[in-house]
Amino acid sequence: MKKENLKSTLVASASFLILLDRPIQYIFESLISVTLPTNRLVVIIALMIFSLDKKINLSKRDISFLILTISSFIIGTIILPEYKTSDVIAAIGVIFPFYIGNKLIELDNNKVGKIFLAVNSLIFFILFLVVTGLGGNIFELKYQLHMIGLILEKRPEIFTDQNFQILYLLSPPLILLFSKSNKYKLVVAITMLLYLYSLNFVQSRTGFIFYVLFILSIVFIMKEKNKLKLLISGFIISIMSTFLILTLHSHIIENFAIYERFTSHTNSTAGHRLHSLMFVFERLFYLEYWVPNGSYEFSMLYGGKPHSNITAFYLVGGILGLIGYIALIVQPIIKLWLKFKKT
C-alpha cells in the first residue's frame with residue numbers, strides 16, 4: 001500500500017473511532033457487554049499517521065492557542081483536588097483527536113463525504129431501532145442517574161449523555177448545502193426528522209431547540225428559490241412519511257417525553273445553565289478566578305457541576321481556558337458561518 005493511501009486509511013479509521021466513539025461502545029456493550037479502548041486506539045493511530053506525515057497545517061497563532069489551552073487544563077487538573085491523575089492524561093490526550101481532525105480536512109472531499117455518510121448511516125441505524133422499538137431489549141433506551149441541582153433524577157439516553165447527543169447529529173443539515181440530488185435531499189430530510197425525534201426521546205431540550213435553529217439557519221443560507229423549494233417539498237414528504245410511521249407504531253407517541261421536560265417545574269437544568277453562565281460573567285474581572293479554581297464554589301451555591309462548557313473551561317483552565325474556548329471553538333464556528341453565507 002502506498003504511503004499516501006496508508007495515511008488516508010489511517011486517518012479514516014481514526015476519524016471513525018472519534019466520530020463514532022459512543023455509538024460503537026453502545027453496540028458492543030449492548031451485544032456482548034464489552035467496552036472497546038477507542039481512546040487508546042486513536043492515540044496509536046495518530047502516532048502512526050505522524051510517523052508518515054509530520055506536517056501540521058495550523059497557523060502559529062492557532063498552535064499557540066492550542067498549547068496554552070491544553071497547558072491551562074493540565075495545570076488545573078494537577079492543582080485542583082477534585083481531579084485525578086487520569087484527568088491529567090485526558091487533558092493531554094485531547095491533542096490527538098485535534099490532530100486527526102486537522103488531517104481529515106486534508107483528504108479529498110469525496111473521501112470525507114464517504115466517511116460522514118458511513119458515520120451517519122450507523123447513527124441512523126441505531127436511532128431507528130431505538131425510537132421504533134425494533135431493537136427489542138438490545139438496542140433500547142438506557143437510564144442514567146444525574147444530580148440536577150440537589151435532586152437525583154433518572155434520565156434516558158441512547159448512546160451518550162442527552163446533552164451531547166446533538167453533536168452526533170449535525171452533519172445532515174450541512175449536507176443539504178452541497179447535495180445536488182433531489183432524492184439525496186429527501187433522504188437527508190428524513191434523517192433529520194428522525195434525529196430531531198430522537199432528541200425528544202432522550203428529553204434534550206437544549207438539543208431539540210438548537211437542532212431546529214440549526215436547520216432553520218441552513219434554510220436561511222439556501223437563498224436560491226429552487227433550492228429552497230426542493231427543501232420545503234422534501235420536508236413536506238418527510239413529515240407525511242414520519243406521520244405514517246408514527247401512526248403504525250402508536251406506542252412510540254404514547255408520551256412525547258420532551259413536552260414534559262418543557263412544562264415540568266421539577267426540572268431545573270435550564271436554571272442551572274443560566275446560573276452557570278452568570279457565574280462566569282459575574283467573576284470574569286476578578287483576578288483570583290483567572291487561575292484554575294475548580295467547581296467547588298459553584299457546587300456549594302447551586303449543586304453539582306456547571307451545566308455549561310464555557311463555565312467548565314473557565315473554572316478548570318482559568319482565563320487561558322476561557323480564551324482557548326473562544327479562539328478554538330467560538331471563532332471557527334463564526335468563520336464557518338460567514339464562509340457559508342458568502343458561498
Side-chain angles (χ1 to χ4, degrees), residues 18 21-22 39 43 58 60-99 101 144-153 155 157 160-167 204-207 210 267-334:
I18 294 168
D21 175 30
R22 288 307 307 155
N39 290 336
V43 172
L58 287 173
K60 292 182 180 178
R61 174 179 168 278
D62 288 336
I63 292 174
S64 299
F65 277 127
L66 181 62
I67 292 172
L68 286 174
T69 306
I70 292 176
S71 298
S72 71
F73 287 158
I74 293 171
I75 293 169
T77 50
I78 289 174
I79 68 174
L80 295 171
E82 61 197 83
Y83 294 101
K84 307 183 293 292
T85 304
S86 59
D87 295 316
V88 180
I89 296 171
I92 299 171
V94 298
I95 197 169
F96 293 101
F98 193 94
Y99 172 71
Q144 299 290 340
L145 292 175
H146 290 260
M147 182 64 74
I148 300 176
L150 298 175
I151 302 171
L152 194 63
E153 292 190 8
R155 293 281 303 278
E157 60 183 49
T160 189
D161 181 278
Q162 310 89 350
N163 295 312
F164 296 121
Q165 179 154 332
I166 179 69
L167 300 177
S204 176
R205 290 174 299 186
T206 304
F210 180 80
N267 292 312
S268 58
T269 53
H272 212 251
R273 285 187 175 88
L274 181 60
H275 291 317
S276 300
L277 291 172
M278 292 306 298
F279 192 87
V280 173
F281 291 118
E282 289 169 357
R283 292 159 177 78
L284 184 58
F285 298 105
Y286 289 86
L287 296 183
E288 60 265 34
Y289 289 94
W290 285 24
V291 295
N293 267 264
S295 57
Y296 178 78
E297 181 186 352
F298 182 90
S299 180
M300 290 296 100
L301 288 172
Y302 304 112
K305 291 185 178 293
H307 226 68
S308 164
N309 285 331
I310 190 170
T311 309
F313 269 68
Y314 189 47
L315 294 182
V316 178
I319 193 65
L320 291 179
L322 182 62
I323 292 172
Y325 183 88
I326 294 169
L328 300 174
I329 298 177
V330 177
Q331 182 188 229
I333 291 174
I334 293 173

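From a predicted model like this one, the values you see are computed outputs, not experimental measurements.
Judged as a side-chain hydrogen bond (donor to acceptor under 3.5 Å, both in side chains), and not counting sequence neighbours, the contacts of D21 are T38. Here Y83 pairs with nothing under the ring pair (Phe, Tyr, Trp, His ring centres under 6.0 Å) rule; sequence neighbours left out. For F313, the ring pair (Phe, Tyr, Trp, His ring centres under 6.0 Å) partners at least two apart in sequence or on another chain are F73, Y325. V43 is linked by a side-chain contact (heavy atoms from CB on, under 4.5 Å) to L47, F96, counting only residues two or more places apart in sequence or in another chain. Taking the side-chain contact (heavy atoms from CB on, under 4.5 Å) definition, one finds that K60 meets it with nothing, sequence neighbours left out. Residues forming a side-chain contact (heavy atoms from CB on, under 4.5 Å) with I18 (at least two apart in sequence, or on another chain): V42, P97, I100. With sequence neighbours left out, the salt bridge (Lys or Arg N to Asp or Glu O under 4.0 Å) criterion links E282 to no other residue. With sequence neighbours excluded, the residues forming a side-chain contact (heavy atoms from CB on, under 4.5 Å) with Y296 are M300, listed by chain and number.
If you take CD1 on I310 and CZ on F281, they are separated by 6.0 Å, rounding to the nearest 0.5 Å. If you take CD1 on I92 and CD1 on I74, they are separated by 4.5 Å, rounding to the nearest 0.5 Å. If you take CZ on F279 and CG on N293, they are separated by 7.5 Å, rounding to the nearest 0.5 Å. The line from CG of L322 to CD1 of I326 is 4.5 Å long, rounded to the nearest 0.5 Å.
The side chain to side chain donor-acceptor pair (under 3.5 Å) pairs that include a residue from residues 62-77 are S59-D62, where partners are two or more places apart or lie in different chains.
Atom CD1 of I95 has 12 or fewer heavy atoms from other residues, nucleotides or ligands within 6.0 Å.
Side-chain contact between I75 and L320 is absent, with no heavy atoms from C-beta onward closer than 4.5 Å. Counting only heavy atoms from C-beta outward, the side chains of Y289 and E297 approach each other to under 4.5 Å.
Of all heavy-atom pairs spanning G294 and E82, the tightest one is CA-OE1, 3.3 Å. The shortest non-hydrogen separation linking L80 to L315 is CD1-O, 4.1 Å. For W290 against L284, the heavy-atom pair with the smallest separation is NE1-O, 2.7 Å. Of all non-hydrogen atoms in P292 and G317, the two that sit nearest each other are CG-C, 4.1 Å.
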Step-by-step side chain to side chain contact (heavy atoms under 4.5 Å, CB included) determination, I329 to N309: CA-CA 11 Å; I329 298 177; N309 285 331; over 6 Å; no

